[in-house]
Amino acid sequence: MNMTGCFLTLKDCKMVKDINVGIVADWLVAYAGAERVIKEFIDLYPSSELYSVVDFLSEEARKNFQNKNAQTTFIQKFPSSKTKYQKYLPFMPLAIEQLDVSSHDVILSSSHAVAKGVLTGPDQLHISYVHSPIRYAWDLQHQYLREANLNRGLKGIIAKWFLHKIRMWDYRTANGVDHFVANSKFIARRIKKVYGRDADVIYPPVDVERFTLNEKKDNYYFTASRLVPYKRIDLIVEAFSHMPDKKLLVIGDGSEMNKIKSKASKNIEILGYQPNSVMQEHMKNAKAFVFAAEEDFGITPVEAQACGTPVIAYGKGGALETVRPLGQDNATGLFFDKQNVTAIVDAVNKFEKSIPDLHPVDCRNNALKFSAQRFKDEMGSYIESKWLEFQDVKKIVY
């Protein structure tokens with residue numbers, strides 16, 4: 001398939017643009033990675049209707065969705081659902097199945113939890129853009145249970161039973177998806193493992209245009225993230241506490257804040273939550289961005305490269321697809337192979353020796369491959385081609 005264009009007649013193009021589209025999200029509470037995909041879907045199909053388990057977007061964030069409000073589920077009215085919606089995960093499979101999308105020709109779901117489980121009929125085309133199968137129900141279950149202190153006792157037994165039921169539901173509802181699109185090759189492998197289905201790969205949209213190239217770097221390292229366990233910011237901070245001659249700036253807030261502060265030495269500044277403008281300024285001036293999480297894709301390493309800032313990353317997950325390591329042409333960073341302090345220290349020391357081989361322009365050029373316009377072009381072409389294939393199949397069947 002040609003992802004950059006679609007060889008259609010004028011009649012075909014009109015038919016594709018006229019399709020009735022329903023767009024389904026897991027939940028709409030903030031404007032982040034999954035929501036950026038929703039934005040591009042809406043830009044492709046402005047007359048589409050929006051659906052979600054809950055919708056608590058701010059008016060500012062809603063502007064990205066052409067001010068559309070989502071049709072929501074009964075969870076919207078549950079107590080404290082605006083801030084504690086994830087606590088209602090046990091109800092979400094039932095909730096998502098109550099959304100009536102039967103009036104649409106095509107369903108586009110952006111799913112990392114339950115959106116792909118929306119009910120569709122044989123005359124509807126369902127394309128699911130998957131950020132990940134439900135992480136805490138599949139291969140990351142044990143990690144999440146440990147972090148939530150639910151790996152023992154009666155509460156642990158109940159949590160494990162519930163996650164078992166979620167897995168059964170999640171596997172069953174994969175049959176309602178006509179085509180899976182993964183946000184990385186890493187997630188395509190997870191989809192194959194979990195659902196036994198092949199997935200096409202279209203990298204998600206990154207707003208690289210809001211970052212500017214800066215070739216003159218200051219003498220500090222930088223990391224930014226939600227301060228939650230799997231991001232492993234604690235490892236980065238501890239590693240730099242063993243390198244007192246190297247400065248580290250950390251932006252972010254979350255449940256790990258106190259733990260991370262306790263590990264920080266004088267060469268480390270924990271700045272907490274900062275607005276995007278402040279984060280961008282620090283990111284573009286840093287000599288390198290340090291990234292220790294195993295992410296499905298990982299937007300921030302791409303954003304760093306968009307500034308011309310090389311990346312020191314854990315060599316698993318999506319980072320393997322977004323960072324060009326030393327040894328490749330036009331390298332944009334390097335990897336460490338273990339999530340521990342020693343590996344990060346060794347990687348930083350290796351980076352110091354390799355700075356002449358890492359060029360800001362190469363970083364910027366690599367990041368542009370993940371632009372929002374590229375996503376829109378590829379995804380638009382993909383949807384159009386799958387819709388026309390679907391029409392041809394219906395003609396044969398009927």
Side-chain angles (χ1 to χ4, degrees), residues 24-30 32-34 52-54 56 72-99 109-119 128 130-177 186-187 189-197 225-235 253-260 292-296 316-317 339:
V24 185
D26 290 309
W27 46 74
L28 298 172
V29 295
S52 180
V53 171
V54 297
F56 292 110
T72 57
T73 71
F74 55 82
I75 294 177
Q76 181 85 10
K77 297 181 180 179
F78 277 11
S80 303
S81 59
K82 183 173 183 178
T83 55
K84 297 182 179 179
Y85 57 93
Q86 289 177 308
K87 298 290 186 183
Y88 294 121
L89 182 64
F91 299 97
M92 287 188 185
L94 174 62
I96 203 74
E97 291 176 346
Q98 306 316 305
L99 290 172
S109 59
S110 174
S111 185
H112 55 82
V114 297
K116 76 152 188 34
V118 69
L119 299 179
S128 188
V130 176
H131 305 272
S132 177
I134 307 174
R135 301 175 185 90
Y136 26 86
W138 292 99
D139 52 312
L140 298 183
Q141 172 193 279
H142 302 294
Q143 176 184 331
Y144 276 91
L145 289 174
R146 283 194 303 271
E147 291 170 357
N149 293 317
L150 289 173
N151 55 335
R152 60 175 65 88
L154 179 59
K155 286 185 177 180
I157 292 172
I158 294 171
K160 291 170 187 175
W161 176 84
F162 160 68
L163 291 173
H164 172 68
K165 292 295 185 180
I166 281 282
R167 282 191 292 275
M168 294 173 63
W169 175 86
D170 195 35
Y171 179 79
R172 178 188 64 77
T173 57
N175 291 322
V177 177
F186 174 66
I187 292 303
R189 293 195 298 274
R190 188 177 277 171
I191 289 170
K192 183 69 172 179
K193 186 83 171 182
V194 169
Y195 304 138
R197 295 280 300 276
S225 170
R226 288 181 295 118
L227 304 187
V228 294
Y230 88 94
K231 295 289 189 178
R232 305 316 312 264
I233 302 298
D234 60 320
L235 289 181
D253 200 358
S255 61
E256 294 271 282
M257 175 62 86
N258 290 336
K259 175 183 177 181
I260 289 167
E294 180 182 340
E295 284 280 20
D296 307 326
K316 286 194 72 175
Q339 282 179 312

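Worth knowing before you read on, the calculation uses all heavy atoms, side chains too, and leaves out hydrogens, waters and symmetry mates.
Here W169 contributes atom CH2 and L94 contributes atom CG; the two are 10.0 Å apart, rounded to the nearest 0.5 Å. Of the inter-residue distances, the one linking W161 atom CH2 with H164 atom NE2 reads 9.0 Å to the nearest 0.5 angstrom. Within the model, atoms CD of E256 and CG of D253 stand 11.5 Å from one another, a figure rounded to the nearest 0.5 Å. In this structure, Q76 CD and S52 OG are separated by 8.0 Å, a value rounded to the nearest 0.5 Å. Expressed to the nearest 0.5 Å, how far CE of M92 lies from CD1 of I75 amounts to 5.0 Å. The line from OH of Y144 to CH2 of W138 is 15.5 Å long, rounded to the nearest 0.5 Å.
Nearest heavy atoms, V118 versus L99: CG2-O, 4.2 Å. Looking at every heavy atom in both residues, I233 comes nearest to S225 through CD1-CB, 3.8 Å. Closest non-hydrogen pair, I134 versus A113, comes out as CG1-O, 3.1 Å. Counting all heavy atoms, side chain and backbone alike, A159 lies closest to L150 at CB-CD1, 4.2 Å. Annotation for I96 and T73: closest pair N-CG2, 4.5 Å, computed over non-hydrogen atoms. Contact between F91 and F74 at its shortest, heavy atoms only, is O-CZ, 4.0 Å.
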Quiz item: Between R135 and L140, is a side chain to side chain contact (heavy atoms under 4.5 Å, CB included) present by the stated rule, with each step listed?
Solution: CA-CA 6 Å; R135 301 175 185 90; L140 298 183; 4.0 Å; yes
Exercise. For side chain to side chain contact (heavy atoms under 4.5 Å, CB included), just list the numbers for N151 and H142, CA-CA rounded to whole Å, side-chain angles, deciding distance to a tenth of an Å, and then say yes or no.
Key: CA-CA 7 Å; N151 55 335; H142 302 294; over 6 Å; no
Exercise. Determine, stepwise, if the pair D26 / S110 fulfils side chain to side chain contact (heavy atoms under 4.5 Å, CB included).
Key: CA-CA 7 Å; D26 290 309; S110 174; over 6 Å; no
Self-check item: Derivation of the salt bridge (charged side-chain N to carboxylate O under 4.0 Å, His left out) call for R172 and D170
Solution: CA-CA 6 Å; R172 178 188 64 77; D170 195 35; over 6 Å; no
Self-check item: Verdict with reasoning, Y136 to I166, per side chain to side chain contact (heavy atoms under 4.5 Å, CB included)
Solution: CA-CA 10 Å; Y136 26 86; I166 281 282; over 6 Å; no
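For the pair S132 and F186, the minimum side-chain heavy-atom distance is 4.5 Å or more.
Taking the six-membered ring where the residue is Trp, W27 and Y85 present tilted rings, their angle falling between 30° and 60°.
With hydrogens and angles ignored, the 3.5 Å screen pairs no side-chain donor or acceptor of E295 with any backbone N or O of G317. Here the side chain of S109 pairs no donor or acceptor atom with the backbone of V24 at under 3.5 angstrom. In this structure, S128 contributes its side chain and V130 its backbone to no donor-acceptor pair below 3.5 Å. Of the possible donor and acceptor atoms, one in the side chain of R197 sits under 3.5 Å from a partner among the backbone N and O of A174. With S111 contributing its side chain and K116 its backbone, the two residues share a donor-acceptor pair below 3.5 Å.
With respect to D296 and R190, a salt bridge is recorded, a charged nitrogen being found less than 4.0 Å from a carboxylate O.
Residue F56 places its CZ atom among more than 12 non-hydrogen atoms of other residues, nucleotides or ligands, all under 6.0 Å distant. Counting non-hydrogen atoms of other residues, nucleotides and ligands closer than 6.0 Å to OH of Y230 gives a total above 12. Surrounding NZ of K160 are more than 12 heavy atoms belonging to other residues, nucleotides or ligands, all under 6.0 Å away.
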